[in-house]
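Quick notes on the structure that follows.
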Number of protein chains: 2
Amino acid sequence: MIQPPDESQALAALSALSESTRLRILRFLVARGPQGAPAGEIGEAIGFSSSRGSFHLGVLARAGLVTATKSSRQVIYRADTVAIGALMGYLINDCCGADPQIVACCSPAAACRPQGES
Amino acid sequence: MIQPPDESQALAALSALSESTRLRILRFLVARGPQGAPAGEIGEAIGFSSSRGSFHLGVLARAGLVTATKSSRQVIYRADTVAIGALMGYLINDCCGADPQIVACCSPAAACRPQGES
DNA sequence: TCAACATCTCAAAAGGTATTGAGATATGAT
DNA sequence: ATCATATCTCAATACCTTTTGAGATGTTGA
């Protein structure tokens, strides 16, 4: 059954993505693939203290963009690509009515101009 | 020349989108198409005072997601579909490495499960 | 058991964001 | 000129977010 995330889920996800540390974490985890990475390693790669990392990873997890699974004394975080895809689908199709100009930008080879550039 | 929005632009746009009133405004304006709508009409449709509307429309405009053009005594706002598309492209391709599972969700017929649902 | 490790929680401080209502500004009509 | 209209600005208030450092919790290995 096709069911988009509801608005409040989408808002939580967008809010989670709108912070530079968290965007970097997500980039890192997507690049890692299904294997994910433990909190400490993410912190070392990106550069933040354990409490700061815990805070940001918690925001991402509560927003549903990453999953956290305990593995002995570590916590492995993984990007939830299905959730991320659902957010994209919500934005493109539900919020933007699948506007062709917007949809066109989503393919890897898309030639979309940056915002506010001539 | 293909050039994605830079990170700070993307963050401003994501932050602008992560508020329910503004997401509604954008939905409304995308549905309106290139004709756009004056501030007052958006406020009536969505339900907010002029000062609140001015604040939120300003956030969207500063983030580059909408354009504002003065037309006699009204200000016409329009969704900037190129900028919105560029944001989508940035998220999908630059942040998420064009992960196939994420890209798959962007077509209108995509069957993506919502975040956090079984 | 004890020490080291990985992560989380908590409270304080600083800064950012949203809402409200009053009022300023500018345009168009009488 | 005067008035109504459309929008923006401003200051006050309330609330939310981020960072920091200290320390709590739970896990593994000696």
Side-chain angles (χ1 to χ4, degrees), chain A residues 7-29 32 35-80, chain B residues 7-29 32 35-80:
Chain A
E7 185 188 270
S8 76
Q9 251 177 328
L11 287 174
L14 287 166
S15 170
L17 287 178
S18 66
E19 206 276 336
S20 129
T21 304
R22 290 193 295 262
L23 201 52
R24 258 172 241 154
I25 293 173
L26 200 77
R27 237 204 217 91
F28 180 81
L29 287 177
R32 268 304 163 101
Q35 171 194 346
E41 196 183 323
I42 304 171
E44 254 178 50
I46 294 176
F48 46 67
S49 67
S50 76
S51 78
R52 203 175 148 208
S54 190
F55 171 72
H56 286 300
L57 286 165
V59 172
L60 286 168
R62 255 171 274 123
L65 294 169
V66 307
T67 62
T69 57
K70 225 171 181 170
S71 167
S72 86
R73 75 177 125 176
Q74 308 190 104
V75 177
I76 309 296
Y77 287 91
R78 291 177 180 89
D80 184 336
Chain B
E7 186 186 90
S8 75
Q9 250 176 329
L11 288 174
L14 287 165
S15 170
L17 287 178
S18 67
E19 204 277 336
S20 133
T21 302
R22 290 194 293 262
L23 200 53
R24 259 172 238 154
I25 292 174
L26 200 78
R27 238 205 215 92
F28 180 81
L29 287 177
R32 269 304 164 103
Q35 171 195 345
E41 194 183 324
I42 304 171
E44 254 177 48
I46 294 174
F48 46 66
S49 68
S50 76
S51 79
R52 205 174 145 207
S54 190
F55 172 72
H56 286 301
L57 286 164
V59 172
L60 286 168
R62 254 172 275 125
L65 295 169
V66 307
T67 62
T69 57
K70 225 171 180 169
S71 168
S72 86
R73 76 178 124 177
Q74 306 190 103
V75 177
I76 309 297
Y77 287 91
R78 292 178 180 85
D80 186 335

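Lettering follows sequence order; numbering is per chain, from 1.
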Is the phosphate of dT17(C), meaning OP1 or OP2, less than 4.0 Å from a side-chain N or O of H56(B)?
no
Grab the CG-P distance between L14(B) and dG16(C) for me, whole Å please.
19 Å
Separation of R22(A) atom CZ from dT18(D) atom C1', in whole Å?
9 Å
Specify the separation, in whole Å, of atom CZ of F48(A) and atom P of dT7(C).
10 Å
Any salt bridge linking R32(A) with E41(A)? Criterion: basic side-chain nitrogen under 4.0 Å from a carboxylate oxygen.
yes
Nearest 0.5 Å please: distance from the CD1 atom of I46(B) over to the NE2 atom of H56(B).
10.0 Å
5'-most contact on DNA chain D (nearest-nucleotide basis), S15(A) vs S49(A), goes to S15(A)
Whole-Å distance separating the CG atom of L23(A) from the P atom of dT18(D)
13 Å
Does the side chain of T21(B) come within less than 4.5 Å of F48(B)'s, by heavy atoms?
yes
Round to the nearest Å and state the distance from L11(B) atom CG to dG16(C) atom C1'.
15 Å
Would you say the side chain of D80(A) lies within less than 4.5 Å of the side chain of V66(A), judging by non-hydrogen atoms?
no
Looking at side-chain heavy atoms only, is the closest gap between R22(B) and L57(B) below 4.5 Å?
no
Specify the separation, in whole Å, of atom CD of E19(A) and atom P of dG16(C).
13 Å
Expected output: side-chain Q74(B) to main-chain I76(B) donor-acceptor under 3.5 Å:
no
Quick one: what's the B/S/- string for nucleotides 5-11 of chain D, heavy-atom cutoff under 4.0 Å, read 5' to 3'?
BSBBB--
